[in-house]
Amino acid sequence: MAKNLLIVESPAKAKTIENILGSDFEVKSCYGHIRDLEKDDMGIDVNKNYAPRYIVPEDKQKVVAELKKLAKKAEQVWLATDEDREGEAISWHLCEVLNLDPKTTKRIVFHEITKPAIRAAVDHPRFVDLNLVNAQQARRILDRIVGFELSPVLWRKMSMRNSLSAGRVQSVAVRLIAEREREINAFGTTSSFKIEALFAAKDINNKNVTFTAEGSRQDTNQDAEKFLQSCAGASYKVRDIQVKPARKSPAAPFTTSTLQQEASRKLGYGVSKTMLLAQKLYESGFITYMRTDSVNLSDTAIADTRAQISKQFGDKYVQIRKYKNKNESAQEAHEAIRPTYMENATVKDADTNRLYELIWKRTMASLMADAELEKTTAKIDISTNKAELAAQGEVLKFDGFLKIYMEDKDDEDVEEGNEEGSLPPIRVGQVLDFKEMKAVERFTRPAPRYTEASLVKKLEELGIGRPSTYAPTISTILKRGYVEKRDKEGVKRDYRVLVLKLDKITKTTEQENTGAEKSKLFPTDLGLVVTDFLSQHFADVMDYGFTASIEHEFDEIAAGTKIWTKMVDGFYKPFKKDIENTLENAERIKGERELGIEPETGKRVIARMGRFGPMVQIGEANEEEKPRFAKLKANQSIETISYAEAMELFKLPRNLGKFEGEDVSVNIGRFGPYASHNKKFYSLNKGMDPYSVMLEEIAPMIEEKRVAKDERTIKVFEKEKIQVLKGPYGPYIKQGLRNFKLTKEQQDKAADLTIDEVKQIMEELKANPPKKKGAKKKA
DNA sequence: CAGTGAGCGAGCTTCCGCTTGACTT
């Protein structure tokens, strides 16, 4: 029996630390928070100075029971939760639950899992910092108040039956996406003409090459033509050449947020996928902890990386840097995300290797030498006018970190047409061999829509959310239906090109694709109307600076200069007034927009939110007549749908004629477009448009779907309406809407199951349903 | 599975931040 019990948050850490500390220590994990506010009545006694009511959630009871047992036996308990606000609170909760005195129980902290760091921590224990704990309680309680007061307002004011939610983080995340969408919709594109001259010259190998030089942009088509005209018959002479050295530095080691961004840009992963793979790597011991906001590398990691760079590329490529966090909201409880052993450049598992290699390269590059460049700018005179052209070239003199890694840019930060090539050797005074000059119409672009990762980047900049919540926050706003992730097809656009060649100007119009986007976040109508509603009635909580300002107050609580209950009270009192006022006075949320008047009837055509989502409506509900309704299509929005598009929606359902003697009609239902025939329903195949599809396409589809259904069916008990079906997880039982999972053995003999056996399996599963996450019984 | 669109009102939903597995049709 070990004398000392040391408690950390993560089980993977526990193992490593136990190895470092040896047999005097038993190291256990508490798996994060062990208590939380109960849900009834917010779990807070608002009238008793916001006294919190904490409970141990069901899924934590086993862990807590075991820790209790071990704590009782141990001579000394050490609290080694993370060194940040949440970690401090976890230590305090452990004291409360394990009957330890926070004023005397040893509390230790470290930012890296290395032998010297752990040893030093054990040599310098402190006690739980109750001010910091109170800052966390204020944070927790405030978030609970915001979430549990705001969400019910939505339930009352929205006519949708979804379980809607609002919160300090998620609601602002949706707002960012909503505002970006409106910016894009309101964006007025303008164009100008880019001037580009093409010259020929000999390179150092005496080979003929071409290079381009740019002139200043021309605002209009006429300006562009006039400019080209003024260049007709000109000669072009190099007036000046400037050569400047330049350097590029590597990016800092990964944090959760930058890892998510790069994995999105380079590998196309969503943030959940990145975190899932990183978790696997962490649990297998290949990388350090993946939920971190720190860019710091431990001394041992720096030494390890330096050795690896030297070995692989030579000392010339080593450049030790100490990275500092620019982000004020960072709490830096951990190291940056890095490989645990730099000699492993890859891992065996193909699934995780791509992410691992990214982490390995980024870590290596962060301690590699700057890249050295030479930038050349040549100014070129035009003999027939006063304008000048500029040609730019860039030569890499020393690759440094670029040897293995270069951070990608977001669409947002990429400027058009600045790709730098190399220039052939030219000298001042040289008359250049002119080929042609082009004026190409270019357009201004609105800011791009957010990807999951660029949204995380923005949230982090605003100090909203934490590394452990970025991915779950995005899942939440998707699940609630406030936001959709999808592609957008581009549209064809004409652009004008003028070419001056052999002193003659030719004008052409070419086509390009514009506005195509992949895996971007779009607000739904629900997201838009809920954002408007919340912004109108709860402007302070929806403010982008709200989190930063309360964080400032949490800092004061942590410093002991502010009382947490006073801080919470200062927020709650006016907030509660807003809640009551809104419940009493605010209209129901409709998001109504008039699209026009139907000429034949004089009835209003409106788009609005209905009980089942966005819809269009002709006429008003009154005694004489029922209005006509139609659902919006997937990519349509209340804010942008036109009158003509709305009227189009009323063309469904369409009757296509008879097949096998029965009518076939198509419509759009809850699960998308479908055909109905002989009382059966068939989802339309991808690409089939219910507005235009013909019977000739539908009939064979119905036949195909009948066959596919037969293949999925293993057995049918007609009388009991029970089916045994083949699914992606093997055979299962289906009765109505309910599915019943079979065990391995039962699956193997699925085809031979009798009705009695099936019934017995169902009875057992009904009596003992498989446990679901978060399922809890009422006390 | 393929309807609906008003209002009443059982009894339900809901937050953010720490952590992993259990579960999925």
So, is [X] close to the [N] phosphate, meaning a side-chain N or O under 4.0 Å from OP1 or OP2?
{"X": "A:Ser10", "N": "B:dT20", "result": "yes"}
{"X": "A:Gln617", "N": "B:dG5", "result": "no"}
{"X": "A:Tyr289", "N": "B:dC18", "result": "no"}
{"X": "A:Ser165", "N": "B:dC15", "result": "yes"}
{"X": "A:Arg140", "N": "B:dC18", "result": "no"}
{"X": "A:Lys39", "N": "B:dT14", "result": "no"}
{"X": "A:Arg466", "N": "B:dC18", "result": "yes"}
{"X": "A:Arg144", "N": "B:dG17", "result": "no"}
{"X": "A:Arg480", "N": "B:dC15", "result": "yes"}
{"X": "A:Arg291", "N": "B:dT20", "result": "yes"}
{"X": "A:Ser163", "N": "B:dT14", "result": "yes"}
{"X": "A:Ser468", "N": "B:dC18", "result": "yes"}
{"X": "A:Gln170", "N": "B:dC16", "result": "yes"}

Please confirm whether the backbone N or O of A:Ser294 pairs with a side-chain atom of A:Thr292, one donor and one acceptor, at under 3.5 Å? yes

For the side chain of A:Gln617 and the backbone of A:Gly619, is there at least one donor-acceptor N/O pair under 3.5 Å apart? yes

Using the six-membered ring of A:Phe546, assess whether NZ or CZ of A:Arg168 lies under 6.0 Å from its centre and within 45 degrees of the ring axis. no

Cation-pi between A:Lys631 and A:Phe612: NZ/CZ under 6.0 Å from ring centre and within 45° of the ring axis? no

Using a heavy-atom cut-off of 4.0 Å across all strands, would you classify [X] as base, sugar-phosphate, or nothing?
{"X": "A:Gly613", "result": "base"}
{"X": "A:Pro152", "result": "base"}
{"X": "A:Gly465", "result": "sugar-phosphate"}
{"X": "A:Ala166", "result": "sugar-phosphate"}
{"X": "A:Gly610", "result": "base"}
{"X": "A:Asp82", "result": "sugar-phosphate"}
{"X": "A:Ser683", "result": "base"}
{"X": "A:Leu164", "result": "sugar-phosphate"}
{"X": "A:Tyr470", "result": "nothing"}
{"X": "A:Val169", "result": "sugar-phosphate"}

When the C1' atoms of B:dT13 and B:dG9 are compared, how many Å lie between them, rounded to an integer? 15 Å

If you check every side-chain atom of [X], which of [options] has the closest atom?
{"X": "A:Asp84", "options": "B:dT13, B:dG5, B:dC18", "result": "B:dC18"}
{"X": "A:Arg611", "options": "B:dA6, B:dT20, B:dC18", "result": "B:dA6"}
{"X": "A:Glu9", "options": "B:dT19, B:dC16, B:dG5", "result": "B:dT19"}
{"X": "A:Phe681", "options": "B:dA2, B:dT14, B:dC16", "result": "B:dA2"}

Separation of [X] atom [atom1] from [N] atom [atom2], in whole Å?
{"X": "A:Trp92", "N": "B:dC18", "atom1": "CH2", "atom2": "P", "value": "17 Å"}
{"X": "A:Leu154", "N": "B:dC15", "atom1": "CG", "atom2": "P", "value": "11 Å"}
{"X": "A:Gln136", "N": "B:dC18", "atom1": "CD", "atom2": "P", "value": "9 Å"}
{"X": "A:Ile702", "N": "B:dA2", "atom1": "CD1", "atom2": "C1'", "value": "14 Å"}
{"X": "A:Glu83", "N": "B:dC18", "atom1": "CD", "atom2": "P", "value": "14 Å"}
{"X": "A:Ile477", "N": "B:dC15", "atom1": "CD1", "atom2": "P", "value": "12 Å"}
{"X": "A:Glu66", "N": "B:dT20", "atom1": "CD", "atom2": "C1'", "value": "15 Å"}

Pair of N/O donor and acceptor under 3.5 Å linking B:dC16 base with A:Arg139 side chain: yes

For the residue pair A:His334 and A:Tyr289, categorise the inter-ring angle as parallel (less than 30°), tilted (30 to 60°) or perpendicular (more than 60°). tilted

Using heavy-atom distances to pick each residue's nearest nucleotide on DNA chain B, tell me which of A:Thr469 and A:Leu742 is more 5'. A:Thr469

side-chain hydrogen bond (donor to acceptor under 3.5 Å, both in side chains) partners for A:Asp540, two or more places apart: none

Just so I know, are the side chains of A:Ser151 and A:Ser165 near enough to count as touching, which here means a heavy-atom distance under 4.5 Å? yes

A:Ile108: which of A:Leu6, A:Val8, A:Thr81, A:Leu79 passes side chain to side chain contact (heavy atoms under 4.5 Å, CB included): A:Leu6

